[in-house]
Structure formats: C-alpha cells, structure tokens
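Worksheet: the structure to be examined is printed underneath.
This is a predicted model, so every value here is computed, not measured. In what follows, every chain begins at residue 1, and chains take the letters A, B, ... in the order their sequences are listed.
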Amino acid sequence: MSEIDRDRVLRLAPGCRLSAAEGQEDILLMPEGAMRMKGPARSILELCDGTRTLDAIVEELQRRYPTADTARIESETAALLGQLLDRGALEYG
Amino acid sequence: MSYALQAVIAEVTHRCPLHCVYCSNPLEMQRRSAELSTDDWTAVFRQAAEMGALHLHLTGGEPLARADLTKLVHAGRSVYLYVNLITSGVGLDEWRLDALIAAGLDHIQLSFQDVEESAANEFAGTRSHALKLRIAEMIRQRRVAFTLNMVVHRRNLSRLEEMIAFAERTGAQRLEIAHVQYYGWALRNRDALLPSREQVRGSMEIVDAARARLQGRLRIDFVLPDYYAKYPKPCMNGWGHQQMLIDPAGRALPCHSAGVIPGLEFASVREQSLRSIWEDSPAFNLFRDESWMPEPCRTCDRRTRDFGGCRCQAFLLAGDAATTDPVCILAPSHHLIADALEHVNGNDDSANQGWVYRTDVAGDKWLPRHR
C-alpha cells in the first residue's frame, strides 16, 4: 500500500465521486465499480477536496471527533487514503 | 434469492461507422427506425435508478451516431446514475465533447484497434485510426476519466509493448487490454483471431512487467482469454444477477448476445416496467439460479464463482445453452476448445487468412472503407 506524501493535497480522481442519490450517499462511484464508504470513511473522503494534505485532514477529523484517539484517527485515515490511491480513486491535487 | 440490479447497459443504436472484424453486436441488428426515443430512454434510466442501479453504460454500435446523446447523458446523470460512454470516438469533436462533459458524463472508454495505423484500419474495416488519435488528445486535455480500450488478438499481440507505451502517452488513467471474445461477428473470424499459446504466455509477462513499472500512473486491466483458461469466466457475474442490457429497440436482455439462444423471448421496455422484466420475465430467470445446471456444474465447488460460465458460448459452440461452458476443462464438450486451440497452434497459415467483413452495418457512411 502507498505511503501518503504529506506535503501534497489530495482530491478524488476524475471519474470518482460520492453518489448523490438518496440512500446511496455512502457509495463511492468509480469507472469500474463502486465501494461503500462505511462510518467515518465518507467524511474522510469529503475532506479530500483538493485543499487539504493528510495532516490537515487528520486535524479536521480531530476537531469533529474530539473524544476519538488521535493515533487511531491518523493511522486509519492514512490506511484508507493509501488504499484509495492504489485503486486510482484518489490523486494529488 | 433476490438480485439487485447494479448496472444498465444501454445499446442506444446499432449504427456504427466501423466494420470491425470482431464486431460483438448481434448478427441481426436493430434498424434506426426501431430505435427507442429520447423519452423512452429517459424513462428506462429513471426506472433503473429507482431500482437502485448505480452505473449506466452507453454503448452501441456507436452511441455518438445518436444526435441526442448529450440529452441521454443528462437524463442518466439527472437520476444520479454514473454515466459511462463506450465509444470509438468517431463523431466526436471539441464542442460535442464539452457538451457531453457539461451534461454530466463521468467516464469515457475509447477503443483502439491497434497502434499501427494500417493494421488498425484493416481490423476496423475503416480508415478511422488517425481520427481516433485526435480524439484521444481532445480527451486528454479535459478533466474527465479516461480508459483506453485496446482490442487484442493473434494479429496484433506482437505489438503489446507498443500498445502499453501508447496508452501511457495518451494520458489515460486506465488501459483495458481486451482479448476478442468469440461472439457475434468475431466467431466467423475466429481462426484468424485466436492467439497462439506462445503469444498468450508472452503477453502475460509483458503485462506483469508493465504493471510493476506503471504502478500509480496507469492501471492495466487484462484477463487471460477464456479459451486458454482452465475454468470459464463468471459471465456477466451471473445471468440476471447484476446487469441488464437494453437493445436499441427496447428489448431487455441478460447479456449482449443472449439473442442467439433459441426459444428465449425478450420483453420490451416499451411494454413492461424494468422491474417486472428484471424480477419476473422467463428470460431473466431461466439461468439465474442453479436449477438449470447439469453435471459437472451441479456438484462443482466453483459453481457459485463462475456460474457454469457463459450460456451463449455453450450454445454457440456446443449447441446447448444449458450445458457447461466448453471452456471449462471439466466440460463434456471441452474437446471443442481443445480442437480450436490445436488448430491455431499447429497452423501458421491462419494468420494469412482473409477477413470476413460485415456488410450489413446500418451506419452512416462517414468514413471511407478500408481498401
């Protein structure tokens, strides 16, 4: 799995977007399929808007979930984003 | 067991300016006068979305042959479907491409027949390659997802490395290396198209090396051609399990070639709702579960993974849609595949056979024919 480059901002790759249909808001649509973004994964993806680096995304998540364990937020976010980079669903902006 | 519709394949027209020697469209094509209208398609897309479908694949023939294609893209996107255009590119210009993207097009899959112009034009039966190069450049300049589809077979696999390098230059995010499948017109040209065992082995090595080199830059989709696999492909991920194809006249089929199977009647979206066709029509239910399966499928551990393979291929080769796909090494009819492979692997002359071109293509005469 890819290491995230911490100096660069992240965004969804062309052809990848969250569904806007009612009841399907947690589905990430991609050219060759779809993935369900469970729990906080959807928030993480929404923060990949081309203005934030990994650290900025983690910082925002800490603000939103102040009781959650910081190290865990960081490791799980990095893991999800690394996986999506490998699948071609994310890119550096 | 109930199955959720995930994707609709809309064959919006059978008209096509190309005359590929491996055309996958049915031998009997629907005429322009029989095509569904813009409103008909809009209703189909709405129903599909209501059933929970996610993806809409606009294909043909050449979908750009429809003057209302931008409206169709908009209609799909308006009901929140993911809209994919499968095209040869012929009929596209900058203005039209911008309009399609503005209408909500999510992804373009552009097909190529080769990297070498004369060969590409020969396989396409049309002088279309140079135009496709300009279209690829137009797509590269825009922020839209881009897959390059390269159709491979005996006569061009030797250029696989050049094809991959070409895909890299086009700026595509994804390269689909698609082996010809032997349905429709391709079956007529099979002896000239089937690659040799040596070619298939070499191509796998080339793809493995390219994937390692291009990781993170270009994704490569490549599957072993089913004639050389031990077990059949999970065709359509199961008959009536995920996908529905609507032909230009509105007939709903479980896959693009199901029309070859005798005795099947396909309901029309002009007369029935998508949901009733999906859930209740005999054609969608015939091979949906395991009740049709003969041995060796019936007791095979793989039946939940490959569903006995492709029903159309079973009919086309073994004459019975309800038998194991002959590709499977366990199939009683596997000798049909073994014989075909023995023939092409022992016969160097098959590369020199002439092509059988389709002459029935109801396409507008946009491009000069090859030779």
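Under the side chain to side chain contact (heavy atoms under 4.5 Å, CB included) test applied with A/Glu32, the options B/Glu176, B/Gln109, B/Arg219, B/His107 reduce to a single match, B/Arg219.
B/Tyr82 places no side-chain N or O within 3.5 Å of a backbone atom of A/Gly33 that could act as its donor or acceptor partner.
Between chain A and the residues B/Gln6, B/His55, B/Gln173, the most heavy-atom pairs under 4.5 angstrom are made by B/His55. Between chain B and the residues A/Ala21, A/Pro31, A/Cys16, the most heavy-atom pairs under 4.5 angstrom are made by A/Pro31.
Of the charged side-chain nitrogens involved, none lies within less than 4.0 Å of a carboxylate oxygen, so that B/Arg217 and A/Glu91 do not count as a salt-bridged pair.
Within a 6.0 Å radius of CD in B/Glu161, other residues, nucleotides and ligands contribute 12 heavy atoms or fewer. In the displayed structure, B/His57 atom NE2 is contacted under 6.0 Å by more than 12 heavy atoms of other residues, nucleotides or ligands. With a 6.0 Å radius and a threshold of 12 heavy atoms from other residues, nucleotides or ligands, B/Tyr231 has its OH atom above the threshold. Shown here is A/Arg36, whose CZ atom has no more than 12 heavy atoms of other residues, nucleotides or ligands within 6.0 Å. Counting heavy atoms of neighbouring residues, nucleotides and ligands inside a 6.0 Å radius, atom CD of B/Gln215 does not exceed 12 of them. By the neighbour-count criterion of 12 heavy atoms within 6.0 Å, atom CD of B/Gln141 is densely surrounded, having more than that number from other residues, nucleotides or ligands. Environment of CD in A/Glu59: sparse, with no more than 12 heavy atoms of neighbouring residues, nucleotides or ligands closer than 6.0 Å.
Taking both residues in full, the closest heavy atoms of A/Pro14 and B/Arg143 are given as CG-NH1, 3.6 Å, listed atom of the first, atom of the second, then distance.
Distance check: A/Met30 CE to B/Arg174 CZ gives 10.5 Å after rounding to the nearest 0.5 Å. Between atom CG of residue B/Leu54 and atom CD1 of residue A/Ile27 there is a gap of 5.0 Å, rounded to the nearest 0.5 Å. If you take CG on B/Leu81 and CG on A/Leu29, they are separated by 9.0 Å, rounding to the nearest 0.5 Å.
No part of B/Leu105 comes within reach of chain A, as not one of its non-hydrogen atoms sits under 4.5 angstrom from that chain.
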